[in-house]
J.: 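I'd like to ask some things about the structure below.
Not measured: the values here are computed from a predicted model. In what follows, chains are A, B, ... by sequence order, proteins preceding strands, each numbered from 1.
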There are 2 protein chains.
Amino acid sequence: MEEHKHVTIYDIAKKLNLATSTISRALKDHHSISDKTIKKVKQTAKEMGFVPNTLAAGLRGNKSKTIGILIPTVTQPFLSSLISGIEIAARKSEYSVIIMQSHDSYDVEVNLAKSLYSNRVSGVICSLAMETKDTSHFKQFSNNNIPLVFVDRVPRDYDTFRVVINNHLAGYKATKHLIEQGCKRIAHLTAGSEFGTLYNERKRGYIDALIEHDLPIDEDLIISLKHMTYEEGVKACNHLFNLKEAPDGLFAPGDILAVSAVQTAKKRGIKVPEDFAVIGFNNDPISEIIEPNISTITHPAEKMGKAAAELIIKNLKSVKDEEDDAKEITFLNTQVLIRESSSRKI
Amino acid sequence: MEEHKHVTIYDIAKKLNLATSTISRALKDHHSISDKTIKKVKQTAKEMGFVPNTLAAGLRGNKSKTIGILIPTVTQPFLSSLISGIEIAARKSEYSVIIMQSHDSYDVEVNLAKSLYSNRVSGVICSLAMETKDTSHFKQFSNNNIPLVFVDRVPRDYDTFRVVINNHLAGYKATKHLIEQGCKRIAHLTAGSEFGTLYNERKRGYIDALIEHDLPIDEDLIISLKHMTYEEGVKACNHLFNLKEAPDGLFAPGDILAVSAVQTAKKRGIKVPEDFAVIGFNNDPISEIIEPNISTITHPAEKMGKAAAELIIKNLKSVKDEEDDAKEITFLNTQVLIRESSSRKI
DNA sequence: ATGAGAATCGCAATCGGTTGTGCTAAAATA
DNA sequence: TATTTTAGCACAACCGATTGCGATTCTCAT
């Protein structure tokens, strides 16, 4: 197999009898290069099939026009949509995207963070692993002016960019909706001992809604899960239905859990939404296909990804404009989508 | 903000009064370095917080320990699972994964291929865009000994690695299953004017099964879609149900289409599977959650991703072992999962 | 025509590992 | 003791683009 040698700016320089510096500048429309030189350089660059070597540029500038994504997994609808949003926004500014999965493991996350740093990514977008209770492995980015954005599962105490929704408000709205449908004993699933704020906030919203409507808070109706999976959802729901005083509603902080609840209820002959109203979270594709389709809270995954990527890129451009108020939390709106699983015809 | 300077092998060398070459070799257990030197170097490297600069290494060796993924989108269950498999296998060998979405556009795919090349990826894994009818933009990889693996949506005529299932056999098995359930008029959805082989193969399997069982091939029952979406599925199914002689079964080459078929049927009062049996493809999560849950063909996405990544990594290691029979098509097994949407109690 | 200033372009260092080659000292063999 | 090996490490070129600074050429105005 023949070894095609890569075409470099040196080759172009030699062919045109110019200095490599001129080539380099011409290729990026530097003002100190004449228009005709620029045109000539670009022309022959194309003819020779020149493709810039990102690595060389990255080494020199100590950055790689690459955004690192560090998330639990890529297979959850919310996260794959997030990735999509990031990728689209990044590409628009000619950034590449490199992806790593923590699988919700703290140790893995620590390793991958180092690997991202090793790759000299220009910025990092992260949604924390379930296990993570300490974020010191992100200091290497902060310490080196590598913009860091946490999305969705954000740490409680790290002073950096965040892109989140108002989880408290969302939890409140979801619960209030159920109350308005006549539910008196609303159950809630949440994450056990969480370091981040996401599920805690939703739970707070749930509790505040109950309080506001003079409903009692029954700890028996609040179940902590280790993982947000279908199986754990089924287990929790069966537990709930076996209570002496079973719930008549459920706010699940994820659509998969809502699906498991609806199906577990049906299996036991419990009518949804008449006997048991359910609202989920995220507006996953499945929520509107399942029967009954599931009320949920919208979660603008792609928009959040776009916002996160743009935060990084903007911050990278304006190195000198110290003015722009960094470290800012971005809130985005969410809506209650009322569908069959919670609309009682009262 | 303080500018932490990166620790380099030069810093380590200075501190230990050794040459940088010794540090470099020691860090990767080169045989020409004594054990105690290795130990000492690794020790102080850790103490000083040394993190290797991937870009520098990549520039020197003209490769980046990175695998590029070029696929239509990351939000389809099959593709996100594929990514997951690739990422896991890649990480095991300390490769990173960089992802790009063609959004089924040929022009975008061409651009992204160039970008991957510019990033000096070690290898490329690609599932072709729907639009793509020409693969000359992949020659840059082949010409430079960058391993290229096509997965699932593979080109018809490119001599390189492939990871696919036996689509003909799968289509045959799916159709045969419907026939065995008593279906006489089985419809089929497929992709219009496809350059690749995927949907054509499934269709061939469908036709061969019909022929083998002496069933007529009715072109009215075969509909070409432009995109494999829920909406197009609904449209196509409504068309089918409006035929004078409506079908009594459907082989859909994707679970989303199967879902759309089942729901369209239900909406029209057509009983599934009694009046209309359906089998999908891929075993997407939704297929077993929907009611009735949907018979389907398994498609081992993660395993295929793993296989593709391993193909690349193995091929990269053995540069000299010209022996290993490259350019080999990997076939993987698939199964018919019989669920409610197609099991008639005959 | 000539000097000031602007417009262009070249030189060479630099980023941080990698690796072929060569040198030196210690270990092995004669 | 003399000589051949071998282990252990140092030198320096190299990958390809970037960029500060200096040098040269060109443009007008005087």
J.: Report the distance from atom NZ of B:K14 to atom P of C:dG16, rounded to the nearest whole Å.
T.: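 Atom NZ in B:K14 sits about 12 Å away from atom P in C:dG16.
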J.: Can you list every pair that meets ring-ring contact (aromatic ring centres under 6.0 Å, His included) and has a residue in residues 12-52 of chain B, with sequence neighbours left out?
T.: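 Output for this query is empty, none listed.
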J.: Just by protein heavy atoms under 4.0 Å, how would nucleotides 7-13 of chain D read 5' to 3' in B, S and -?
T.: -BBBB-B
J.: Distance check needed: D:dC15 P versus A:H6 NE2, whole Å only.
T.: 11 Å
J.: Would you say B:N53 and B:H6 are linked by a side-chain donor-acceptor pair, where the criterion is simply a distance under 3.5 Å?
T.: no
J.: Mind calculating the distance between NZ (A:K65) and P (D:dA17) to the nearest angstrom?
T.: 16 Å
J.: Could you give the angle between the helix axes at the two ends of the helix from C:dA1-D:dT30 to C:dA27-D:dT4, with five pairs per end, rounded to 10 degrees?
T.: 50°
J.: Can you pull the salt bridge (Lys or Arg N to Asp or Glu O under 4.0 Å) pairs that have at least one residue in residues 105-130 of chain A, sequence neighbours excluded?
T.: none
J.: Can you check whether A:K28 has a side-chain N or O nearer than 4.0 Å to OP1 or OP2 of D:dA17?
T.: no
J.: With a 3.5 Å cut-off and sequence neighbours excluded, list the donor-acceptor pairs that the side chains of residues 92-100 of chain A form with protein atoms.
T.:
{"residue": "A:S96", "atom": "OG", "partner": "A:R91", "partner atom": "NH2", "Å": "3.3"}
{"residue": "A:S96", "atom": "OG", "partner": "B:N119", "partner atom": "ND2", "Å": "3.4"}

J.: Once you round it to whole Å, what is the distance between P of C:dG17 and CG of B:N62?
T.: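 Those two atoms, CG and P, are 18 Å apart.
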J.: When the distance from CG of A:L59 to P of C:dC15 is rounded to whole Å, what number comes out?
T.: 9 Å
J.: Grab the CG-C1' distance between B:N53 and D:dC15 for me, whole Å please.
T.: 13 Å
J.: Can you measure B:H30 atom NE2 to C:dG20 atom C1' for me and round it to whole angstrom units?
T.: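 Taking atom C1' of C:dG20 as the reference, NE2 of B:H30 is at 10 Å.
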J.: Can you tell me which residue pairs pass the salt bridge (Lys or Arg N to Asp or Glu O under 4.0 Å) test with a partner in residues 132-157 of chain A, sequence neighbours excluded?
T.: A:D104-A:R153
J.: Do A:Y158 and A:F150 have their ring centres less than 6.0 Å from each other?
T.: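 When the ring centroids of A:Y158 and A:F150 are compared, they turn out to be within the sub-6.0 Å range.
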J.: Could you work out, with ring-ring contact (aromatic ring centres under 6.0 Å, His included) as the rule, every residue matching B:F195, not counting sequence neighbours?
T.: none
J.: Under the rule for side chain to side chain donor-acceptor pair (under 3.5 Å), what residues qualify as partners of B:T54, not counting sequence neighbours?
T.: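 Scan of B:T54 (side chain to side chain donor-acceptor pair (under 3.5 Å), adjacent residues dropped) gives A:S118.
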J.: Taking side-chain contact (heavy atoms from CB on, under 4.5 Å) as the definition, give me every residue that meets it alongside B:A307, ordered by chain and number, with sequence neighbours left out.
T.: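 B:A307: side-chain contact (heavy atoms from CB on, under 4.5 Å) contacts with B:V163.
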J.: Check salt bridge (charged side-chain N to carboxylate O under 4.0 Å, His left out) between B:K42 and all other residues, then give those that pass, not counting sequence neighbours.
T.: B:D29
J.: Could you list, one pair per line, each protein nitrogen or oxygen that sits under 3.5 Å from a nitrogen or oxygen of nucleotides 4-6 of chain D, together with the distance?
T.:
none

J.: Tell me the interatomic distance from B:I23, atom CD1, to C:dT18, atom C1', rounded to whole angstroms.
T.: 13 Å
J.: Applying side-chain contact (heavy atoms from CB on, under 4.5 Å), can you list everything that pairs with A:S81, at least two apart in sequence or on another chain?
T.: A:A301, A:E302, B:T75
